[in-house]
Amino acid sequence: MTVEGKPQILHIVGRSFEPEDGGKIISTSLDTLRERDPDLRPEFSLLLLEPGSEPRAVSAQLAENVSGGLEIWEVPNPADGLAPALWGIAGLVVVLALIGLTELLTSIGAFVRDRSRDLLALRAIGLTPRQISGVIVASAGFISLAAALLGTTLGVLLSGWLIDLQGEMSGIGSGIAALPSFWTLLALAASAVLGAVAAAALPAARITRRRLADSLSATL
């Protein structure tokens with residue numbers, strides 16, 4: 001069918017009897033039509049909710065203001081059907097977090113060992129062991145900060161698209177992706193950076209206590 005002169009492909013999933021127009025009426029959501037035409041706007045709205053409105057508070061207010069002749073019910077959220085799989089998803093997240101932590105510790109250890117070759121140069125310019133350890137830890141922290149910013153940015157940009165694509169393929173529809181708040185993303189990025197700094201602190205302190213002869217043999 002066409003909506004405002006633009007083609008729309010709709011899949012019929014049910015049937016209801018409407019007395020108007022001889023029953024030739026197709027009912028669908030505006031979000032479904034906006035998948036092909038994001039600029040589509042309704043010609044009129046019987047009820048327009050403001051962003052952040054509470055559904056139960058709105059339904060209670062409508063029931064008070066309209067006396068009879070109005071049937072109000074809450075549409076179930078399709079995401080509630082995923083509740084039985086919550087523990088499985090949580091376990092998968094924990095496993096992925098452990099894998100990421102292991103990779104982080106391995107990468108930090110290799111990075112600190114590589115920086116041990118710079119001990120002679122750092123000591124030659126007069127840095128104390130504590131300052132050398134600070135340089136190594138700061139380097140690991142800055143690299144982790146860049147990785148956290150890049151990963152968070154790409155995750156925010158791609159996650160919404162991937163979730164909407166999965167919703168489209170499963171028939172739920174687009175617009176179901178809910179991105180974490182800015183403070184949640186900031187806390188995750190800060191945790192990753194602090195974890196990298198903490199992981200680099202102990203190996204850096206051990207390396208700075210090495211003798212010059214050991215550093216020279218490692219460099220050679």
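Not measured: the values here are computed from a predicted model.
- The hydrophobic cluster containing L98 also includes V94, under a criterion of side-chain heavy atoms closer than 4.5 Å among ILVMFWY residues, counted directly or through chains of members.
- Applying the side chain to side chain contact (heavy atoms under 4.5 Å, CB included) test to S53 and every residue at least two apart in sequence or in another chain returns L49, E50, V58.
- Not counting sequence neighbours, the partners of R56 by the salt bridge (charged side-chain N to carboxylate O under 4.0 Å, His left out) test are E74.
- With sequence neighbours left out, the side chain to side chain contact (heavy atoms under 4.5 Å, CB included) criterion links I25 to E18, E20, D21, S27.
- In this structure, L30 belongs to a hydrophobic cluster whose other members, linked by side-chain heavy atoms under 4.5 Å apart, are M1, V3, L10, I26, L33, L40.
- When hydrophobic side chains of Ile, Leu, Val, Met, Phe, Trp and Tyr are connected at separations under 4.5 Å, L92 ends up clustered with L96.
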Legend entry - Evaluation steps, side-chain contact (heavy atoms from CB on, under 4.5 Å), between Q8 and D37: CA-CA 9 Å; Q8 292 280 351; D37 187 5; 4.1 Å; yes

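- In this structure, CG in L157 is found 11.0 Å from CG in L162, a value given to the nearest 0.5 Å.
- The side-chain hydrogen bond (donor to acceptor under 3.5 Å, both in side chains) search around S29 returns T32, not counting sequence neighbours.
- In the hydrophobic clustering (ILVMFWY side chains linked at under 4.5 Å, chained through shared members), V95 is joined by I99.
- For the atom pair R34 CZ and R41 CZ, the distance stands at 5.0 Å (nearest 0.5 Å).
- With values rounded to the nearest 0.5 angstrom, L145 atom CG is found 10.5 Å from L194 atom CG.
- Residues satisfying the side chain to side chain contact (heavy atoms under 4.5 Å, CB included) criterion with T152, sequence neighbours excluded, are V156, L185, A189.
- The shortest non-hydrogen separation linking A148 to V193 is CB-CG2, 4.3 Å.
- Remark: S191 engages no residue in a side chain to side chain contact (heavy atoms under 4.5 Å, CB included) (not counting sequence neighbours).
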